[in-house]
Visitor: 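My questions all concern the structure below.
Basis for what follows: all heavy atoms, side chains included, without hydrogens, waters or symmetry-related copies. Chain letters run A, B, ... following the sequence lines, proteins first and then strands; every chain starts at 1.
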Amino acid sequence: GAVVSQHPSWVICKSGTSVKIECRSLDFQATTMFWYRQFPKQSLMLMATSNEGSKATYEQGVEKDKFLINHASLTLSTLTVTSAHPEDSSFYICSAAHRGTYEQYFGPGTRLTVT
Amino acid sequence: AQSVTQLGSHVSVSEGALVLLRCNYSSSVPPYLFWYVQYPNQGLQLLLKYTSAATLVKGINGFEAEFKKSETSFHLTKPSAHMSDAAEYFCAVSEGAGGGADGLTFGKGTHLIIQP
């Protein structure tokens, strides 16, 4: 149980286009979902926190107009990278906090490459 | 602000030897502390967490960690390494009241190598 999926697992896009990444909690409801970014051989950096039905809270230095987060239901959050540039290339990981236990479960990540 | 320092980006041990991965934290309030493991091409998996109960925390796969407030440390140990333990290990801290339901601050990770 407590599985979090991400789609797609990897994506290549051209500079200037937008990319949407989905994060789903498959067998539990998540009050809160988080989006992290991981650069090669570096740690995960929290980008934003999203609660179902409300606006996401972004960490300092994260452009909210560039990284659009929507948390439409208790099982789905999406991250849209708008007008992507090569410097946005990274590994994006989501996590979901279980509604009952508050345990946080991580998705397998999405590798974005912007050419 | 909270922070996590993991000493040693790479740790190599022989199979059957003690595993010790070091983690020091900085927090302005009593923290929640976590160790996660990441295998290649997989998501992070929780090994164990400290939430202000017992200072010695036992996790999965034979790992345990001890919270030492005086040393601001939360080192991860395993008495006998197995080849399957080779992975990336992350220490993380949260100051939120929601326990695990808060954004985490991660250390840079330690790559554990097991020598046969």
Visitor: Would a hydrophobic clustering, with Ile, Leu, Val, Met, Phe, Trp and Tyr connected at side-chain separations under 4.5 Å, put B:I114 with B:L76?
Guide: yes

Visitor: Please name the residue in the list A:F106, A:Y36, A:Y105 that meets the side chain to side chain contact (heavy atoms under 4.5 Å, CB included) test with B:L44.
Guide: A:F106

Visitor: Is it true that B:V4 and A:L46 fall in one hydrophobic cluster, defined by side-chain heavy atoms closer than 4.5 Å?
Guide: no

Visitor: With a 4.5 Å cut-off on side-chain heavy atoms, are A:Q38 and B:Q38 touching?
Guide: yes

Visitor: Side chains of residues 67-87 of chain A: which donor-acceptor partners sit under 3.5 Å, not counting sequence neighbours?
Guide:
unit_1, atom_1, unit_2, atom_2, d
A:N70, OD1, A:A72, N, 3.3
A:H71, ND1, A:S50, O, 3.1
A:H71, ND1, A:S50, OG, 2.9
A:H71, ND1, A:E52, N, 3.4
A:H71, NE2, A:S73, O, 3.0
A:S73, OG, A:T75, N, 3.2
A:S73, OG, A:T75, OG1, 3.3
A:S73, OG, A:L76, N, 3.3
A:S77, OG, A:W35, NE1, 3.0
A:S77, OG, A:N70, O, 3.4
A:T82, OG1, A:D65, O, 3.1
A:T82, OG1, A:K66, O, 3.1
A:H85, NE2, A:S83, O, 3.4

Visitor: Do the side chains of B:V57 and B:F90 join up, straight or via other hydrophobic residues, at under 4.5 Å, putting them in one cluster?
Guide: no

Visitor: Under 4.5 Å between side-chain heavy atoms, hopping through other hydrophobics if needed: is there a path connecting B:M83 to B:V19?
Guide: yes

Visitor: Please classify the contact of A:L44 with chain B as side chain, backbone, both or neither, using a heavy-atom distance under 4.5 Å.
Guide: both

Visitor: How far apart are the closest heavy atoms of B:G103 and A:F34, and which atoms are they?
Guide: N-CE2, 3.0 Å

Visitor: Rounded to the nearest 0.5 Å, what's the gap from CG on B:L46 to OG on A:S95? Could you check?
Guide: 11.5 Å

